[in-house]
Visitor: 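One structure, pasted below without further comment.
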Amino acid sequence: MSTLARTVEILEKLIAFPTISPDSNLEMIAFMADHLGQLGARVNTFTSPCGTKANLFATLGPEGDGGIVLSGHSDVVPVAEQDWTSDPFTLAPRDGLLFGRGTCDMKGFIAATLAMAEDYAALDLTRPVHFAFTHDEETGCIGAQALVEELKAQGLKPAIAIIGEPTEMRIIEGHKGCCEYTTRFTGLEGHGSQPARGVNAAEYAVRYVTKLMELRHDLMARAPKGSRFEPPYTTVNIGRIAGGVAHNVIVGKAEVEWEFRPVQDSDYTFVHAELDAYTNDVLLPAMRAVHPAAHIEVETMGEVAGLMPMEDNEARDLCAALTGGNGVDVVAFGTEAGLFQSLGMSAVVCGPGSIEQAHKPDEFIAPDQLQACLTMLQGLSKKLTA
C-alpha cells in the first residue's frame with residue numbers, strides 16, 4: 001500500500017470521530033495514542049479538567065531537546081444547519097476529492113503524520129520527532145495553552161514546530177493574535193415608560209460597542225510601518241449583541257460578544273487600557289448613580305498569541321528546503337503556532353488543503369495536497385537521521 005493510500009485510510013478513521021469542539025475528543029485521542037504506541041513512541045495524554053477532552057504528545061527517537069514537533073488540533077467546527085451533500089462524518093471520495101468535516105481543517109495533516117510515523121519508527125532517528133495533537137483549538141486554542149504549560153513544566157525544549165493548518169502547503173511565518181471576549185452588563189429592569197428609574201443594560205452595551213468602533217478607527221492609525229498583514233492593522237469585530245425581553249421593559253441584562261486580532265503586543269495593551277478606563281470611569285459611575293448593584297463583567301473566551309515573523313526561523317527555512325517553496329507569507333487567521341513560539345521554538349504554519357474550504361459544508365481536501373504534504377514529511381526523514 002502506498003503512503004498516500006495509507007494516509008487516506010487513516011483519514012477515513014479520523015473523520016468518523018465526530019470531534020465537534022463542544023463534544024469529547026477522547027476516542028480520537030485514544031485511537032492516535034494506540035497507533036503511535038504500537039510504533040514504539042513514548043506517548044503521554046493529558047486530560048482536561050472537564051474530563052471529556054485530552055491532548056496527546058508522543059515522541060519517536062532519542063530523548064532530549066532539539067526535536068521537531070508536528071502539530072494539529074483534533075476538534076472540528078459544528079455541522080448543524082449546514083447543507084451537506086453527504087454525511088459529514090463519513091469520508092466521501094467524489095469528483096477526485098475527499099469530502100468530510102475536518103478533511104482539510106485539519107485531520108488531513110494529522111493523517112499524513114500518523115502514516116509517516118510508521119516510516120519514522122523504522123529509521124535510526126538521531127533527532128526526536130514529536131506528535132502534538134490538541135483539543136479545543138476552534139474555541140480559543142484552550143488545549144494548546146494547556147499543552148504548552150505541560151511542556152514547560154517538563155522542561156522539554158523542542159527546536160522546531162510545524163503546525164499543519166491548511167495553507168495549500170504555502171509557508172506561513174506570521175499571523176495575527178486572536179482575543180475573544182463576552183462582556184456582560186447588569187442593570188435594573190423597570191417599566192419602559194419610566195426609563196430614568198431603571199438602568200438599561202442594552203443602552204450601556206451600545207455605548208460599549210460604540211467605544212469599540214472608536215478603537216477600531218484608532219487601531220487603523222496604529223498599523224506598524226511595513227506591516228505585511230491584510231489588513232495591515234489590528235481589527236475589531238462585534239460578533240453578537242443580545243439583551244431584553246419585551247418592547248416595554250427596561251433591559252436588565254445584555255451582553256456583547258466581540259474579538260480583536262492584534263498585529264503587535266502594544267495594541268493588546270492599548271485596547272485593554274482604553275476599555276478599562278471607559279468602563280470604570282464613564283459607564284459604571286453612570287449606571288451605579290441609579291443602581292449601586294449595577295455591574296459590567298468581561299469574560300475572556302480565549303487569547304491566542306500571534307505568530308511573529310522572525311529574521312532567524314529554522315522552521316521556515318526547513319519547510320522551504322523540504323517543499324522547494326521560494327517565498328513565505330503571513331495570514332490574518334490564527335493558529336496555535338504562536339503558543340509554540342512562546343516556548344522558544346521556531347514555528348511555521350504549513351499544511352495541506354485550503355483555508356477557503358474550512359468551516360464550510362462539503363469541506364474537502366484534494367489527494368494531491370495530501371501527497372504534497374507527504375513529500376515534505378518524507379524529506380524530513382533525512383533531517384531526523386542526519
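No experiment lies behind these values; they were computed from the predicted model shown. Positions are given from 1 along the sequence.
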Visitor: Check E173 with R228, please: is the shortest side-chain N to carboxylate O separation under 4.0 Å?
Guide: yes

Visitor: With no hydrogens and no angle check, is any side-chain donor or acceptor of T375 less than 3.5 Å from a backbone partner on Q371?
Guide: yes

Visitor: Within the distance-only criterion (no hydrogens, no angle test), does the side chain of R42 pair as donor or acceptor with the backbone N or O of G61 below 3.5 angstrom?
Guide: yes

Visitor: Under 3.5 Å, side chain of N200 to main-chain N/O of E203, donor-acceptor pair present?
Guide: yes

Visitor: With distance as the sole test, does T167 use its side chain to make a donor-acceptor pair with the main-chain N or O of G351 at under 3.5 Å?
Guide: yes

Visitor: Taking all non-hydrogen atoms of both residues into account, name the closest pair between T139 and S21 and its distance.
Guide: CG2-CB, 3.7 Å

Visitor: State the CD1-CD1 distance between I15 and I10, to the nearest 0.5 angstrom.
Guide: 12.5 Å

Visitor: Hey, any chance M287 and V256 share a hydrophobic cluster, counting ILVMFWY side chains that come within less than 4.5 Å of each other, even indirectly?
Guide: yes

Visitor: What's the separation between atom CD in Q154 and atom CD in E149, rounded to the nearest 0.5 Å?
Guide: 12.0 Å

Visitor: Taking all atoms of both residues into account, what is the closest heavy-atom pair of A201 and G187, and its distance?
Guide: CB-N, 4.0 Å

Visitor: If you count heavy atoms of other groups shown closer than 6.0 angstrom to CG of D83, is the number above 12?
Guide: no

Visitor: For the backbone of G192 and the side chain of N248, can you confirm whether one donor and one acceptor N or O come within less than 3.5 Å of each other?
Guide: no

Visitor: Decide yes or no on side chain to side chain contact (heavy atoms under 4.5 Å, CB included) for E297 and T183, but give the supporting numbers first.
Guide: CA-CA 6 Å; E297 173 192 13; T183 304; over 6 Å; no

Visitor: Measure centre to centre between the rings of H272 and Y181, then say whether the value is under 6.0 Å.
Guide: yes

Visitor: Other residues, nucleotides and ligands only: do more than 12 of their heavy atoms fall within 6.0 Å of CG on D124?
Guide: no

Visitor: Compare all side-chain heavy atoms of P352 with those of P166 and state whether any distance is below 4.5 angstrom.
Guide: no

Visitor: Any side-chain heavy atom of E336 sitting closer than 4.5 Å to one from S71?
Guide: yes

Visitor: Assess the residue pair I171 and V349 against the criterion (side chain to side chain contact (heavy atoms under 4.5 Å, CB included)); give the C-alpha distance rounded to whole Å, side-chain angles, the decisive distance to 0.1 Å, and a yes or no.
Guide: CA-CA 6 Å; I171 301 167; V349 184; over 6 Å; no

Visitor: Is the Lys NZ or Arg CZ of R222 less than 6.0 Å from the centre of Y233's six-membered ring, within 45° of the axis?
Guide: no

Visitor: Name all residues meeting the ring-ring contact (aromatic ring centres under 6.0 Å, His included) criterion together with F185; count only those two or more places apart in sequence or in a different chain, and write none if there are none.
Guide: Y208

Visitor: If you count heavy atoms of other groups shown closer than 6.0 angstrom to CG of D265, is the number above 12?
Guide: no

Visitor: Just checking, is any N or O donor in the side chain of Q264 or D267 under 3.5 Å from an acceptor N or O on the other one?
Guide: yes

Visitor: Testing the basics here: between A347 and I163, what is the closest heavy-atom pair and its distance to 0.1 Å?
Guide: CB-CD1, 4.5 Å

Visitor: For a quick test of reading the model, state the closest non-hydrogen atom pair linking S342 to V148 and the distance between them.
Guide: OG-CG1, 4.3 Å

Visitor: Can you find a heavy atom in the side chain of P128 that is under 4.5 Å from one in the side chain of E63?
Guide: no

Visitor: Could you pull out the closest heavy-atom pair between P78 and R101, with the gap in Å?
Guide: O-NH2, 3.3 Å

Visitor: Heavy-atom count around Q82 CD within 6.0 Å, excluding the residue itself: above 12?
Guide: yes

Visitor: May I ask you to say whether E363 pairs ionically with K360, meaning some side-chain N is under 4.0 Å from a carboxylate O?
Guide: no

Visitor: Tell me whether T19 contacts the main-chain N or O of N25 through its side chain, where contact means a donor paired with an acceptor under 3.5 Å.
Guide: no

Visitor: Under 4.5 Å between side-chain heavy atoms, counting indirect links through other Ile/Leu/Val/Met/Phe/Trp/Tyr residues: same cluster for V43 and V129 or not?
Guide: yes

Visitor: Could you check K13 against F31 for side chain to side chain contact (heavy atoms under 4.5 Å, CB included), going step by step and ending with a plain yes or no?
Guide: CA-CA 9 Å; K13 295 177 181 178; F31 168 79; 3.8 Å; yes

Visitor: When you measure from the side chain of D329 to the backbone N and O of I172, does any donor-acceptor pair fall under 3.5 Å?
Guide: no

Visitor: Would you sort out whether E255 and R240 count as a salt bridge (charged side-chain N to carboxylate O under 4.0 Å, His left out), showing the intermediate values?
Guide: CA-CA 8 Å; E255 63 181 33; R240 177 176 172 271; 2.7 Å; yes

Visitor: Within the structure provided, determine whether L56 and L36 are in side-chain contact (heavy-atom separation under 4.5 Å).
Guide: yes

Visitor: Between D34 (side chain only) and A30 (backbone N and O only), is there a donor and an acceptor less than 3.5 Å apart?
Guide: no

Visitor: Any side-chain to backbone donor/acceptor pair from S74 onto T134? Under 3.5 Å, distance only.
Guide: yes

Visitor: Indicate, with yes or no, if the rings of H175 and F333 have centres closer together than 6.0 Å.
Guide: no

Visitor: Mind checking whether I296 and M301 sit in one hydrophobic cluster, side chains of I, L, V, M, F, W, Y counted as touching below 4.5 Å?
Guide: no

Visitor: Determine whether M32 and F131 make a side-chain contact, defined as any pair of heavy atoms from C-beta on separated by less than 4.5 Å.
Guide: no

Visitor: If you compare all heavy atoms of G353 against all heavy atoms of Q369, which two are closest, and at what distance to 0.1 Å?
Guide: N-OE1, 2.9 Å

Visitor: Just how far is it from atom CG of L377 to atom CD1 of I162, taken to the nearest 0.5 Å?
Guide: 7.0 Å

Visitor: Distance-only criterion, 3.5 Å: show the donor-acceptor pairs between side-chain atoms of residues 379-386 and protein atoms not counting sequence neighbours.
Guide:
unit_1, atom_1, unit_2, atom_2, d
S381, OG, Q378, O, 3.1
T385, OG1, S381, O, 2.9

Visitor: In Å and rounded to the nearest 0.5 Å, what is the CG to CZ distance from L188 to R288?
Guide: 13.5 Å

Visitor: Out of curiosity, F133 CZ to T45 OG1, how far, rounded to the nearest 0.5 Å?
Guide: 13.5 Å

Visitor: Hey, what do you get for CG (L147) to CD1 (I142), rounding to the nearest 0.5 Å?
Guide: 14.0 Å

Visitor: According to the interplanar angle, ranging from 0 to 90°, do the rings of F260 and W258 count as parallel (below 30°), tilted (30 to 60°) or perpendicular (above 60°)?
Guide: parallel

Visitor: Can you check whether R170 reaches C350 side chain to side chain, under 4.5 Å on heavy atoms?
Guide: no

Visitor: Got a sec, which pairs hit ring pair (Phe, Tyr, Trp, His ring centres under 6.0 Å) with one end in residues 71-120, sequence neighbours left out?
Guide: F99-F364

Visitor: Does one hydrophobic cluster hold both V79 and M106, with members joined at side-chain heavy-atom distances below 4.5 Å?
Guide: no

Visitor: Can you find a side-chain donor-acceptor pair between D105 and H359 that sits under 3.5 Å?
Guide: yes

Visitor: Any heavy-atom pair between the side chains of C373 and M169 that's under 4.5 Å?
Guide: yes

Visitor: Are K107 and L11 close enough that some pair of their side-chain heavy atoms sits under 4.5 Å apart?
Guide: yes

Visitor: Are V206 and V282 linked, directly or through intermediate hydrophobic residues, by side-chain heavy-atom contacts shorter than 4.5 Å (ILVMFWY only)?
Guide: no

Visitor: Please confirm whether the backbone N or O of E259 pairs with a side-chain atom of N237, one donor and one acceptor, at under 3.5 Å?
Guide: no

